[in-house]
Protein chains: 2
Amino acid sequence: MAKAKNAISPTRSENYPEWYQQVVRAADLAESSPVRGCMVIKPWGCALWENMQGVLDGMFKATGHKNAYFPLFIPKRFLEKEAEHVDGFAKECAVVTHHRLEAGPDGGLVPAGELDEPLVVRPTSETIIGDAFSRWVESYRDLPLLINQWANVVRWEMRTRLFLRTAEFLWQEGHTVHATSEEAREHTIRMLNVYADFARDTMALPVITGEKTAAERFPGAVETFCIEGMMQDRKALQAGTSHFLGQNFSRAQEIQFLDENGERQHAWTTSWGVSTRLIGALIMTHADDDGLILPPRLAPVHVVIMPITFKSDEPEKIINYCHKLADDLRVLDFHGRHLEIEIDDRDVRGGEKNWSWVKKGVPIRIEVGPRDMADDALFTARRDRPAKDKESIPRATFLSEVTTMLDEIQQNLFDRALAFREEHTHEIDTESDFRDFFESPAGEPVPIHGGFALTHFNGDEAVEEKIKNEMGVTVRCIPMEDGTPGTCPFSGEPSDKRVVWAKSY
Amino acid sequence: MAKAKNAISPTRSENYPEWYQQVVRAADLAESSPVRGCMVIKPWGCALWENMQGVLDGMFKATGHKNAYFPLFIPKRFLEKEAEHVDGFAKECAVVTHHRLEAGPDGGLVPAGELDEPLVVRPTSETIIGDAFSRWVESYRDLPLLINQWANVVRWEMRTRLFLRTAEFLWQEGHTVHATSEEAREHTIRMLNVYADFARDTMALPVITGEKTAAERFPGAVETFCIEGMMQDRKALQAGTSHFLGQNFSRAQEIQFLDENGERQHAWTTSWGVSTRLIGALIMTHADDDGLILPPRLAPVHVVIMPITFKSDEPEKIINYCHKLADDLRVLDFHGRHLEIEIDDRDVRGGEKNWSWVKKGVPIRIEVGPRDMADDALFTARRDRPAKDKESIPRATFLSEVTTMLDEIQQNLFDRALAFREEHTHEIDTESDFRDFFESPAGEPVPIHGGFALTHFNGDEAVEEKIKNEMGVTVRCIPMEDGTPGTCPFSGEPSDKRVVWAKSY
């Protein structure tokens with residue numbers, strides 16, 4: 001493996017979906033479990049998710065939210081209260097029907113203690129949280145109510161892929177209650193922007209913010225907004241959503257308040273969420289044919305130090321030198337947390353060891369052998385550069401520049417991803433150009449997914465449906481940014497601005 | 001309420017179980033939900049749990065563990081592999097039998113898509129994690145494997161009480177794999193001591209560490225160890241357990257490794273956990289008839305500042321003074337985190353406002369009125385003292401002493417709890433004294449639960465069973481500490497050392 005041209009096989013251009021699975025495996029992020037569609041998140045993946053949680057949680061608290069925790073189970077009658085909502089989720093609910101196991105006729109255990117009412121394992125919590133909010137909210141003084149929950153949810157998916165689509169996943173769901181429509185809608189956009197900031201600044205992921213068309217709206221929402229990123233196969237990935245729920249759920253769950261005039265009103269609610277799917281987005285945005293590349297702001301380890309002792313008479317001197325270096329690095333601050341340093345003194349071959357960290361995506365790798373120690377220099381490699389591109393840097397220089405170097409890596413990842421997106425984003429003005437854009441050129445060994453097509457669109461749902469069915473292309477979002485009016489190439493009707501079309505995950 | 005003698009009614013001596021419920025409610029920690037036995041953890045309770053998580057997570061990482069996440073669902077056949085384990089949990093399992101809802105004959109939704117094999121919502125994860133470990137462990141080089149999971153679990157309890165016993169609860173479960181029995185057993189004790197340290201240093205909760213008798217052992221364990229605290233009604237509460245699982249689960253799930261001689265061996269495993277039950281322990285150890293009392297090390301808010309503006313011509317000056325004070329406090333470090341300060345400028349009556357923070361258990365309350373501001377002094381109250389016991393402290397003095405004051409409060413809570421436990425712990429040498437100790441005196445309006453009785457015991461399971469059935473008293477643990485030999489008062493047989501008997505939660 002260490003001698004192969006690339007650490008990951010197949011490469012992106014050979015077989016993108018399989019490359020993805022191999023990057024997940026090579027970085028030891030997660031694995032499938034014997035439970036249909038449920039994954040095991042391994043320590044490296046879990047640490048990455050915890051780092052995402054830490055940053056997001058701080059952003060939610062800074063915008064006035066508090067965390068709470070609500071039941072895993074939702075009574076069936078709660079789901080049924082909001083008609084569109086239950087339509088959206090009924091087909092993929094894990095249903096608890098019994099509360100014990102007992103010996104069956106053939107000796108094995110069988111479900112027993114049937115419940116009076118089935119319970120659904122939460123696919124999302126609008127209804128069960130709405131029930132609590134109906135008790136918590138009494139008057140306008142209790143508003144806005146700004147709550148977030150970190151939780152696991154279950155949506156029974158038939159075709160699953162690690163992180164991107166799993167039956168159980170981890171996420172956060174924000175739920176807020178407001179006295180007016182305007183305030184609730186403003187909050188929906190505020191949280192959308194929190195997600196966009198997080199994607200850009202922390203994940204190095206450029207995203208387009210926009211509104212979903214009716215076809216892609218959250219079941220029960222009045223408006224759904226999203227952040228959309230472009231993956232390296234040019235498909236779009238929805239990385240987070242923020243929903244303006246109007247009074248739909250406050251009517252379903254009777255969330256009412258006394259206004260300043262003492263009149264009873266239904267409140268206005270929002271919900272918004274991001275999930276472990278972000279890890280999928282991160283992989284497909286930054287990883288290369290050598291494996292994962294982690295944005296330094298999220299890396300569980302910023303710098304790995306590998307003592308090279310096999311040629312040395314005094315290996316413990318090198319080990320000690322590395323430990324001293326690690327101690328000096330660990331006191332440094334990088335965006336509010338100390339640098340995380342790993343010393344890898346495992347007894348494995350140097351090449352294999354080095355490649356294991358390449359594949360895990362650690363931003364900076366350092367090798368220290370007898371010669372480096374004698375020179376007081378560090379043999380350094382950056383994960384945003386080719387794996388064999390290493391340079392010797394004086395120890396003191398490295399210590400003074402390491403956080404700048406990490407910031408550079410973070411910025412490079414963003415710049416690359418943005419350049420890639422821009423390269424594959426085109427304004428298109430005729431239907432035939434549109435079809436050409438999304439059609440793979442003849443003779444290509446693997447499908448090419450076009451990219452983002454920006455076209456005018458008059459919003460006709462039949463057109464949208466037809467394009468989806470014929471080409472597998474959908475409106476990813478109607479951008480928040482202002483645009484200029486034009487003509488919809490599909491209908492010839494006038495259009496306010498261009499929308500973003502793409503194939504998507 | 002503000003004028004009542006105590007903020008909580010009934011008081012502990014009037015009705016302890018109801019007092020507990022009222023403390024939870026008055027502090028706004030949690031509430032019951034419409035889902036049988038499942039609670040809603042409200043923001044104040046959630047913040048408390050997050051603080052516990054933060055400290056414990058640091059202790060787990062410092063002892064070499066990494067976090068991972070495993071599926072919520074456990075295939076029925078996995079549970080069945082370990083006979084004692086399934087016996088212990090089969091009676092209280094939430095069972096998922098279907099994966100969608102569809103319109104039934106009467107219009108409502110009914111479960112559909114029956115699963116080939118029912119899935120159990122994890123009551124604990126030995127079997128599903130063991131399955132992953134059987135893939136992760138190949139050779140002695142992979143050991144020890146030290147993993148922790150933060151998760152929700154479900155045990156279908158018929159009689160539930162907020163935090164103490166709920167159908168769904170939050171917890172951590174550590175799972176480790178070792179090459180030898182000795183090393184696994186040592187690790188079991190190491191984690192027991194981590195729990196004891198956490199209870200003592202962070203929760204201000206004195207605990208006895210010891211081993212469970214066979215009757216109280218975790219289903220499938222070879223040995224179960226625990227930390228036991230004494231609540232203010234003198235009943236014991238098991239606050240954490242650590243299990244030496246021998247090879248029981250490694251045989252059930254085939255966790256095998258190649259040893260240094262290239263021979264295949266079954267590994268040795270441990271598991272250990274604490275849960276949101278700790279919040280119940282914290283309440284019942286420290287709270288008083290005015291409500292919750294939080295140990296400063298866990299308090300979501302260390303100091304609440306209440307501007308008293310109703311007598312002032314320039315209320316905004318007082319508010320500004322309070323904000324400046326908060327800023328000066330927030331930079332102070334208290335055991336590795338910054339002081340958390342809340343300014344309560346809600347428009348509610350001063351008495352009600354003050355009592356709301358008393359009931360929430362915030363360690364230090366400060367009132368600032370025009371006079372205080374003029375004197376540059378703070379009217380200060382400590383939650384470890386009576387609510388009306390307030391003193392004026394110069395601002396500068398307060399700033400230089402606040403963290404010491406918080407440490408004193410923390411220590412006072414521990415000292416009080418320890419003194420209470422010692423007062424109600426007695427060495428008992430005859431069966432009749434033992435019965436007298438646990439019998440409520442005639443004429444007492446409420447039951448008195450005795451306390452901890454330390455007796456010699458020869459380990460006879462029939463004796464233990466008889467005492468449990470007749471008196472509701474069990475062996476809480478066989479203490480880890482050395483003891484002196486003696487004679488068991490129940491059997492007249494020789495005994496190595498005294499054990500701890502008590503009524504318990």
Side-chain angles (χ1 to χ4, degrees), chain A residues 31 33-35 38-43 45-47 49-50 66-80 86 89-102 108-113 118-121 128 131-132 135-136 141 147 151-152 154 156 167-168 170 347, chain B residues 31 33-35 38-43 45-47 49-50 66-80 86 89-102 108-113 118-121 128 131-132 135-136 141 147 151-152 154 156 167-168 170 347:
Chain A
E31 65 184 21
S33 82
V35 185
C38 292
M39 66 179 159
V40 175
I41 306 178
K42 299 184 78 171
C46 209
W49 178 240
E50 286 174 11
K66 290 184 191 293
N67 289 332
Y69 186 79
F70 300 86
L72 170 67
F73 300 129
I74 301 181
K76 181 176 73 76
R77 69 180 185 283
F78 278 30
L79 273 191
E80 288 170 335
V86 72
F89 290 106
K91 289 178 206 72
E92 51 186 38
C93 286
V95 189
V96 176
T97 54
H98 295 74
H99 67 77
R100 62 171 194 271
L101 292 170
E102 62 182 32
L109 293 170
V110 296
L119 297 172
V120 168
V121 180
I128 188 78
D131 172 76
R135 292 186 300 274
W136 298 4
R141 289 171 194 264
I147 296 292
N152 53 345
V154 172
W156 204 269
E168 182 190 14
L170 303 183
D347 180 21
Chain B
E31 65 184 21
S33 83
V35 186
C38 292
M39 65 179 161
V40 175
I41 305 179
K42 299 183 78 171
C46 210
W49 177 241
E50 286 174 9
K66 290 183 191 293
N67 289 332
Y69 186 79
F70 300 86
L72 172 66
F73 300 130
I74 301 182
K76 181 175 75 75
R77 68 181 186 284
F78 278 31
L79 272 192
E80 288 170 336
V86 71
F89 289 106
K91 289 178 208 72
E92 51 186 40
C93 286
V95 189
V96 176
T97 54
H98 295 73
H99 66 78
R100 63 172 193 269
L101 292 170
E102 64 182 32
L109 293 170
V110 295
L119 297 172
V120 168
V121 181
I128 188 80
D131 172 75
R135 292 186 300 275
W136 298 4
R141 289 171 195 266
I147 296 291
N152 53 343
V154 172
W156 204 270
E168 183 191 13
L170 304 182
D347 180 23

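In what follows, every chain begins at residue 1, and chains take the letters A, B, ... in the order their sequences are listed.
Nearest heavy-atom pair across A:Arg135 and B:Glu31 is NH2-OE2, 2.7 Å. Taking all atoms of both residues into account, the shortest heavy-atom contact from A:Glu168 to B:Phe70 is OE1-O, 4.2 Å. Contact between B:Pro71 and A:Val40 at its shortest, heavy atoms only, is CD-CG2, 3.9 Å.
Proximity to chain B is absent for every atom of A:Ala47, based on heavy atoms less than 4.5 angstrom apart. Within the 4.5 angstrom heavy-atom criterion, no atom of A:Phe89 approaches chain B. Only the side chain of B:Pro118 comes within contact range of chain A, with at least one heavy atom under 4.5 Å from a heavy atom of that chain. Looking at A:Trp136, the atoms closer than 4.5 Å to chain B (heavy atoms on both sides) all sit in the side chain, from C-beta outward. Of the atoms belonging to A:Asp131, it is side-chain heavy atoms, and not backbone ones, that fall under 4.5 Å from chain B. Contacts of B:Glu102 with chain A are absent, with no heavy-atom separation under 4.5 Å from either backbone or side chain.
No other option in B:Leu170, B:Val154, B:Val121 has as many heavy-atom pairs under 4.5 Å with chain A as B:Leu170. With chain B as the partner, the residue from A:Cys93, A:Ala112, A:Cys46 showing the most heavy-atom pairs under 4.5 Å is A:Cys93. Chain A forms more heavy-atom pairs under 4.5 Å with one residue of B:Gly113, B:Pro34, B:Ser33 than with any other, namely B:Pro34. Here B:His99 is the residue among B:His99, B:Arg141, B:Lys76, B:Lys66 with the most heavy-atom pairs under 4.5 Å with chain A. Most heavy-atom pairs under 4.5 Å with chain B: of the set A:Val96, A:Val95, A:Leu101, A:Asp347, this distinction falls to A:Val95.
In this structure the side chain of A:Leu109 never reaches within 4.5 angstrom of the side chain of B:Leu79, judged on heavy atoms.
Ring pair A:Phe73/B:Trp156 is tilted by interplanar angle, where 30° to 60° counts as tilted.
With 3.5 Å as the limit, one finds no donor-acceptor pair spanning the side chains of B:Tyr69 and A:Glu50.
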